[in-house]
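Taking it in order: structure first as structure tokens, then the write-up.
Counting from 1, the numbers follow the sequence of the chain as shown. These numbers were taken from a predicted model, which means no experiment stands behind them.
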Amino acid sequence: GVNTRHWEWHPTVSGDWLLFGRTNISRRVDLVLIRNLVTGETRQLGELRWGNRTIAEPGQVNGNYSAWYRCTPVCNVFLYDIAARTTMRIPNPDRRQQYDPSVTSDGTVYFLRSGRGCGNSVRLVRRPLGGPSKVIASLGAGRDSGHTYALENDDGTTTVLFDRYRCSTGAWDVLKVIDP
């Protein structure tokens, strides 16, 4: 029931909920959708018509929350509360690029923030629900990242996995940060 004649991509699952992207080529649109795998209910969280380097992508679903982002052309991260059916844009005070979010079950969002272009001051940022943002890791000049994934540990810490690559060579590796 999830797959269609369109292109579905970048899925994450938590409990009964599946967060994923769908590209409708004939309509030239990308959608961010969340679907209850038990009831079949599907909700559209975001839509972006194709244009000048604009994107909308799913991030992660975890517990009662999902995180996703949209670039129009400034990239902003959004937190969706599944039970309340509300969406909140994560504050972006200096209008930098904010992208590739992940989320914990308490609504803490982890995301990347950078300037435009590859390797331009990339930071891994944590923003607890209702709290201030804090940089928890920085990548060196000429390094960039494309995805984050938050894993909650039994000891109350969160492990955040993110990929890292060199802009000059495209060489990839995966880093992890343990957030107390």
Side-chain angles (χ1 to χ4, degrees), residues 9-21 30 32-34 45-46 55-71 74-83 86-167 169-180:
W9 44 274
H10 199 85
T12 66
V13 176
S14 179
D16 296 340
W17 293 97
L18 169 71
L19 176 70
F20 64 101
D30 288 332
V32 175
L33 303 168
I34 192 164
L45 305 184
I55 57 175
E57 288 198 20
Q60 182 180 6
V61 61
N62 195 342
N64 191 49
Y65 297 98
S66 65
W68 59 282
Y69 77 102
R70 177 177 58 207
C71 302
V74 173
C75 298
N76 285 293
V77 170
F78 297 86
L79 178 65
Y80 180 70
D81 182 323
I82 296 169
T86 57
T87 301
M88 175 185 75
R89 184 174 69 85
I90 300 299
N92 188 353
D94 53 2
R95 296 186 45 82
R96 295 178 64 78
Q97 302 303 321
Q98 296 188 154
Y99 54 98
D100 289 316
S102 55
V103 65
T104 60
S105 61
D106 68 357
T108 298
V109 179
Y110 294 87
F111 59 93
L112 300 169
R113 179 185 284 158
S114 72
R116 290 193 182 275
C118 190
N120 189 348
S121 301
V122 178
R123 308 287 186 257
L124 176 62
V125 179
R126 173 191 62 219
R127 183 168 193 286
L129 188 61
S133 296
K134 180 181 179 184
V135 173
I136 61 170
S138 300
L139 298 181
R143 300 238 179 195
D144 214 323
S145 184
H147 297 285
T148 68
Y149 193 80
L151 301 160
E152 295 174 85
N153 303 314
D154 292 337
D155 65 2
T157 62
T158 300
T159 299
V160 182
L161 301 172
F162 60 103
D163 57 16
R164 176 181 67 174
Y165 60 92
R166 289 184 185 276
C167 298
T169 65
W172 289 84
D173 61 358
V174 175
L175 300 175
K176 76 176 179 180
V177 172
I178 305 221
D179 189 27

> Taking the side chain as C-beta and beyond, is there a heavy-atom pair between L129 and Y65 under 4.5 Å?
Replying inline: yes

>> With rounding to the nearest 0.5 angstrom, report the OG to CD1 distance, S66 to I34.
In response: 4.0 Å

>> Go through it in stages, so that I can follow the logic: the residues are R123 and R96, the test is side-chain contact (heavy atoms from CB on, under 4.5 Å), and I'd like the CA-CA distance, side-chain angles, deciding distance and then a yes or no.
In response: CA-CA 11 Å; R123 308 287 186 257; R96 295 178 64 78; 6.0 Å; no

> Hey, what do you get for OG (S133) to CD (Q98), rounding to the nearest 0.5 Å?
Replying inline: 6.5 Å

>> Whether the S114 and Y99 side chains hold a donor-acceptor pair (N or O, under 3.5 Å, no angle test) is what I'd like checked.
In response: yes

> Where do P58 and L19 come nearest, in terms of heavy atoms and distance?
Replying inline: CB-CG, 3.8 Å

>> Main chain of D155, side chain of N153: is a donor-acceptor contact present, judged purely on distance under 3.5 Å?
In response: no

>> If I compare all heavy atoms of T12 with all of G59, which pair ends up nearest, and what's the gap?
In response: CG2-O, 3.5 Å

> Is there a side-chain contact between Y110 and V177 (heavy atoms, below 4.5 Å)?
Replying inline: no

> Is the closest side-chain heavy-atom distance between L139 and F162 below 4.5 Å?
Replying inline: yes

>> For T108 versus P128, what's the shortest heavy-atom pair and its separation?
In response: OG1-CA, 3.7 Å

>> Using modelled atom types and a 3.5 Å cut-off, is there a donor and acceptor pairing between side-chain atoms of Q97 and backbone atoms of C75?
In response: yes

> Looking at CZ of R127 and CZ of R113, how far apart are the two atoms once the value is rounded to the nearest 0.5 Å?
Replying inline: 10.0 Å

> Do you know the tightest heavy-atom contact between P101 and F111?
Replying inline: CA-CB, 4.0 Å

> Within a strict 4.5 Å, meaning less than it, do heavy atoms of the N64 and D81 side chains meet?
Replying inline: yes

> Looking just at side-chain N and O atoms, do E152 and N62 make a donor-acceptor pair shorter than 3.5 Å?
Replying inline: yes

>> To check you understand the geometry: which heavy-atom pair defines the closest contact between C167 and G119, and what is its length?
In response: SG-N, 3.3 Å

> Less than 4.5 Å apart, any side-chain heavy atom of Y69 and any of V32?
Replying inline: no

> Hey, mind stepping through R166 and R143 against side-chain contact (heavy atoms from CB on, under 4.5 Å) and telling me if it holds?
Replying inline: CA-CA 5 Å; R166 289 184 185 276; R143 300 238 179 195; 2.4 Å; yes

>> Please evaluate residues L124 and L112 with respect to the criterion side-chain contact (heavy atoms from CB on, under 4.5 Å), reporting the C-alpha separation (whole Å), side-chain torsions for both, the decisive distance (0.1 Å), and the verdict.
In response: CA-CA 5 Å; L124 176 62; L112 300 169; 4.1 Å; yes

> Are the side chains of L45 and F78 in touch, meaning some heavy atoms are under 4.5 Å apart?
Replying inline: no

> Can you name the closest pair of heavy atoms from G63 and I82 and give their distance?
Replying inline: O-CD1, 3.8 Å

> Do the non-hydrogen side-chain atoms of V125 and V77 ever get within less than 4.5 Å of each other?
Replying inline: no

> Okay, side chain of T158, backbone of D179: is any donor-acceptor separation there less than 3.5 Å?
Replying inline: no

> Could you give the distance from CG (D100) to CH2 (W68), rounded to the nearest 0.5 Å?
Replying inline: 14.0 Å

> CZ of R126 to CD1 of I136: how many Å apart, nearest 0.5 Å?
Replying inline: 6.0 Å

> Say you draw a straight line from CG of L161 to OG1 of T148; how long is it, rounded to the nearest 0.5 Å?
Replying inline: 9.0 Å

> Would you call Y149 and Q60 a side-chain contact if the rule is heavy atoms closer than 4.5 Å?
Replying inline: yes

> Are the side chain of N92 and the backbone N or O of N76 linked by a donor-acceptor pair below 3.5 Å?
Replying inline: no

